[in-house]
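What follows is a set of notes on a single structure, which appears directly below.
What you see below is based on every heavy atom in this structure, not just the backbone, and it leaves out hydrogens, waters and symmetry mates.
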Amino acid sequence: MLDDSTGPQSASATSLELLRTPPPKERADAARNRAAVLQAAAGLFAEHGVAAVSMDQLAAAAGVGKGTIFRRFGDKAGLAVALLDTRERELQEAILHGPPPLGPGAGPEARLTAFAGAYLDYLLQHLELVRMSETAAPGARYRIGAYRFWHRHVSILLNGSPDPDYAAHAFLSALAAEHVSAVLPELGEARLRDGLARIARSAARGAGRGSA
C-alpha cells in the first residue's frame, strides 16, 4: 500500500481522489428543488431535532410535494446523507490539498491525529444527522461513500501495520456516531478528544511509522 504523505501527486492521493464524494449532477429545476428541500431540512432539523420533523413538514417548508422528497432522497436518512455531503467534501479537500498536518506534508502520526480531531469537529456539529445516516439500516455506515474515503486515508497512514485495512476499520470504530453519542454525555468532549488523539498516536506508532 502506498503513502499519501507526499501530496496529491502520489498514486495513493489519486486513489483518494477517485473516492471523493462527487457533487450531484442534475437538471436546473431538479437542482432548485433539491436546494429548497435541503435548506428547509437544515432549518427544521436545527430548530426541532431530526426525529421531531415529519416529511409533511419538510414538503410544506420547501414548497414541494412529499412525493418529490421521497423520490429524490428516499427518507430522512437519505436527507441526512445529502445534507452532510457538502461538509464531507470540504474535509476531503482539506485532507487531499490542505495544509499539514491534516493535509499532505506531515508524518503519518501527525496526520492521523489531525484527522481524528477534524473528523470529530465535523461529527459533533452534525451528530444527530450522522447517526441517522449511519444507522438507517444494518451496516449502513460502511456503505456510505465518504466512509470508503476515510477508510482508505487511514489505511494509507497505517501502512506499516500487519493489516492496514483492518487497522483502519478498528480506528474508525471509535469515531462512529452511535458510539460517540453513547459515551459523550459520560466522558465529555475534552476527554473524548484526548482519548482519540492517544488512539491515533498509538495506532501510528504501532504501525512503525509515527513521527519522532
Side-chain angles (χ1 to χ4, degrees), residues 20-95 98 102 114-150 172-196:
R20 293 183 72 180
T21 306
K25 296 180 180 180
E26 52 198 350
R27 300 188 317 272
D29 58 338
R32 285 193 297 271
N33 284 342
R34 181 179 190 276
V37 171
L38 292 180
Q39 182 177 3
L44 288 171
F45 289 167
E47 183 177 356
H48 303 292
V50 178
V53 177
S54 70
M55 298 298 265
D56 287 320
Q57 288 174 295
L58 285 168
V64 301
K66 186 166 65 172
T68 298
I69 299 180
F70 280 112
R71 285 192 298 272
R72 183 64 181 82
F73 301 101
D75 53 19
K76 282 198 288 186
L79 265 173
V81 171
L83 280 169
L84 295 170
D85 275 350
T86 298
R87 183 64 184 91
E88 288 169 345
R89 287 197 296 271
E90 291 171 355
L91 182 52
Q92 290 166 2
E93 176 67 19
I95 288 169
L102 182 58
F115 169 71
Y119 188 87
L120 188 61
D121 289 341
Y122 152 75
L123 179 60
L124 293 180
Q125 187 177 359
H126 307 289
L127 187 56
E128 190 176 4
L129 286 177
V130 179
R131 184 180 181 186
M132 173 181 287
S133 71
E134 290 184 352
T135 60
R141 181 184 192 222
Y142 305 96
R143 294 191 293 272
I144 297 171
Y147 181 86
R148 294 193 292 273
F149 182 99
W150 316 136
L172 289 169
S173 67
L175 288 165
E178 183 79 357
H179 170 71
V180 171
S181 296
V183 303
L184 183 61
E186 175 187 352
L187 298 179
E189 183 177 338
R191 287 179 67 189
L192 187 61
R193 287 187 181 278
D194 289 345
L196 285 168

How about Glu128 and Phe45: do any of their side-chain heavy atoms sit closer than 4.5 Å? no

Does a side-chain heavy-atom distance below 4.5 Å link Ile144 with Leu84? no

Whether the Tyr122 and Glu88 side chains hold a donor-acceptor pair (N or O, under 3.5 Å, no angle test) is what I'd like checked. yes

In Å and rounded to the nearest 0.5 Å, what is the CG to OH distance from Leu102 to Tyr119? 13.5 Å

Supply the atom-to-atom distance Glu134 CD to Ser181 OG, rounded to the nearest 0.5 angstrom. 9.0 Å

Is there a side-chain contact between Ile69 and Asn33, using heavy atoms and a 4.5 Å cut-off? no

Carefully, step by step, assess Arg87 and Gln125 under the rule side-chain contact (heavy atoms from CB on, under 4.5 Å). CA-CA 10 Å; Arg87 183 64 184 91; Gln125 187 177 359; 4.3 Å; yes

Distance col, row His179:NE2 vs Leu192:CG, nearest 0.5 angstrom, shows 7.0 Å

Could you tell me how the ring of Phe115 sits relative to the ring of Trp150: parallel (under 30°), tilted (30 to 60°) or perpendicular (over 60°)? tilted

With a 4.5 Å limit on heavy-atom distance, are the side chains of Val180 and Val130 in contact? no

Can you check whether Arg141 reaches Thr135 side chain to side chain, under 4.5 Å on heavy atoms? no

Ignoring hydrogens and geometry, is there a side-chain-to-backbone donor-acceptor pair from Gln57 to Ser54 under 3.5 Å? yes

Gap separating the NZ atom of Lys66 from the CG atom of Leu58, nearest 0.5 angstrom: 10.5 Å

Between Arg193 and Asp121 (salt bridge meaning N to carboxylate O under 4.0 Å), is one present in this structure? yes

